[in-house]
Amino acid sequence: MIDLSCNIAGISFKNPIVMASGTFGFGREYSGFYDINKLGGFVGKGLTLHPKEGNNGTRMAETAAGMMNSIGLENPGIHAFLTQECAYWQSLDTVRIVNLGGGTLEDYRTGAELIQEHEQSVRKETGRSSIDMIELNISCPNVKEGGMAFGIQTDAARHVVRAVRNKTNLPLIVKLSPGAENLAEMAIMCEHEGADALSLINTISAMKIDIRKRKSVFEHGYAGLSGPAIKPIALRMVHQVAHAVTLPILGMGGITTAEDVIEFIMAGADAVQVGTANFINLRTGPDLIEGVTAWMEQEGVQSLDEIRGIIKLI
Amino acid sequence: MAKVISNMHLNEKVGLLEVECDRGGRPGQFYMLRAWDTYPLLPRPISIFDCTDHSIRFLYLVVGEGTRRLYQLRAGDNLTLEGPFGNGFPELSGKIALIGGGIGIAPFYYAAKNYENADVFLGFSDQPYLVEEFKQVSSSVTVNVGGTILDTLSFSDYDHVIACGPEGMLKAVQAKQAAEQTTASVYVSLENKMACGVGACLACSTKHTTGRKKTCTDGPVFRAEEVSFV
């Protein structure tokens, strides 16, 4: 009997396929196309303490094997999310992860506190959960102030992770930036500060130029690159971090096929997050679950534990 | 997976693609089309030109790699299409003006078929196309080549006006609405880059007087006075 399940920070996932933040809305958007309860889990659109309009100008552009986005964390704010979406989240039977972003340390701290208090009261009143985990976004490359600096400098990141850790007992995933000055050091810091898991990588800061207008396509100059183009880089970084810490890892970056999922598991990921592929095929979730199952059957692999982290370097 | 029935080249940059599909849709809605494997990465949002019980026709302009691939399709080729997406045009009664500029004429063939009393205005910068087809679905088709189609009508002669076309034209629609101080309700159908089509990615979110709106799921049709063109 093939077993796709995995456990991350005490949370049980049916399978390792988790939809990545910013590509899956709050879940509802895809629920008309397939039963999203089939997924291992999903991460909601990145939330900030206050509503955020996001960036002006071009927000998305395609490039070879990838796409670039500069959405700028447009979101309704934590309060609106908690009051408008949580009841729906509570009705779901999959792992539900809030992605928490921010511009200042105080934003992160207060945001975490609100989520914690809300979830505590929901559980007390109804006996059921609506949020299973928090993913801390310290690495959004598309907001002018705050976020990105936290993701690059280990010391700056330490303050955020510590502040949020002190405000919530929900399992805490820290999402790492590929732009971190020292990725392994960043991962080790997260482990020391009490993170329960890591997710990586966020999009890679990149550029596209409109040669006719002779200026960058994006208003802020740079934008985040995702999609198959970044997969080899992401895979290397997941492998690197998996060898630096004992924390569970959700690997992501350009995963499009079942074979991509297997590569990330072999590199050391406990589960994967899938983002841009949702745009290529909106039924990517169930297709990947089916594809990974078929690969395991074909290879005689009963559990992903048999292949997890098997890639060692000489 | 769907099969191409035909792909008529109306000129060197405009094609009319007919695809087997029984999912239908309402005028003003769109589908996400993909007729390639790994490159380009994303499907393309294309509005419905016409629908039957068994097929959908899409009118498209070649602007980049995706639409260039669509242009190359032949009868019997396969493509994937998801949809219909978007809210489409509102239910309207009374006298309606449908104003299309360039490839913005695309949604108005099906719309003219569905509205009881719609006049069609088609603006082209160059050689017109599909004019005879439009005459089959509307008793009043006005064509303008090289000029401004908006100069050929007064909004105040209509109960409702719907426009689709380049941003410059839609800005002019707003200006005309204000200048005429018309009581007609005026709508615009927007075009925007999209990744998902289902309201998840926010790539197509733009400013409106009532806050940000997603072109895909809040639109693509909006009251003209609500749109904030930059």
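Every chain is numbered from 1, with letters handed out A, B, ... down the list of sequences.
Between atom CG of residue A:N56 and atom OG of residue B:S205 there is a gap of 9.5 Å, rounded to the nearest 0.5 Å. One distance of note links CD1 of A:I71 with SG of B:C201; it measures 6.0 Å at 0.5 Å rounding.
Look at B:K214 and A:E74 and you find no salt bridge, because none of the NZ, NE, NH1 or NH2 atoms lies under 4.0 Å from a carboxylate O. At a threshold of 4.0 Å, the pair B:E82-A:R283 counts as salt-bridged, since one of the basic side-chain nitrogens sits closer than that to a carboxylate oxygen.
Residues A:M60 and B:L42 form a side-chain contact, since some pair of their non-hydrogen atoms from C-beta on lies under 4.5 Å apart. Residues B:L202 and A:K45 have side chains in contact (heavy-atom distance under 4.5 Å, counting atoms from C-beta outward).
Side-chain N or O atoms of A:E62 include none that pairs as donor or acceptor with a backbone N or O of B:P40 at under 3.5 Å.
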Stepwise side-chain contact (heavy atoms from CB on, under 4.5 Å) check, B:R34 with A:N281: CA-CA 9 Å; B:R34 182 180 182 88; A:N281 165 19; over 6 Å; no
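Within residues 6-28 of chain B, no residue approaches chain A closer than 4.5 Å by heavy atoms.
Within a 6.0 Å sphere centred on CD of B:Q72, other residues, nucleotides and ligands contribute more than 12 heavy atoms. By the neighbour-count criterion of 12 heavy atoms within 6.0 Å, atom NZ of B:K113 is densely surrounded, having more than that number from other residues, nucleotides or ligands.
For B:M194, the part sitting under 4.5 Å from any heavy atom of chain A is the backbone (N, CA, C, O) and nothing else.
When each of A:G54, A:G66, A:G275 is checked for heavy-atom pairs under 4.5 Å with chain B, A:G66 comes out on top.
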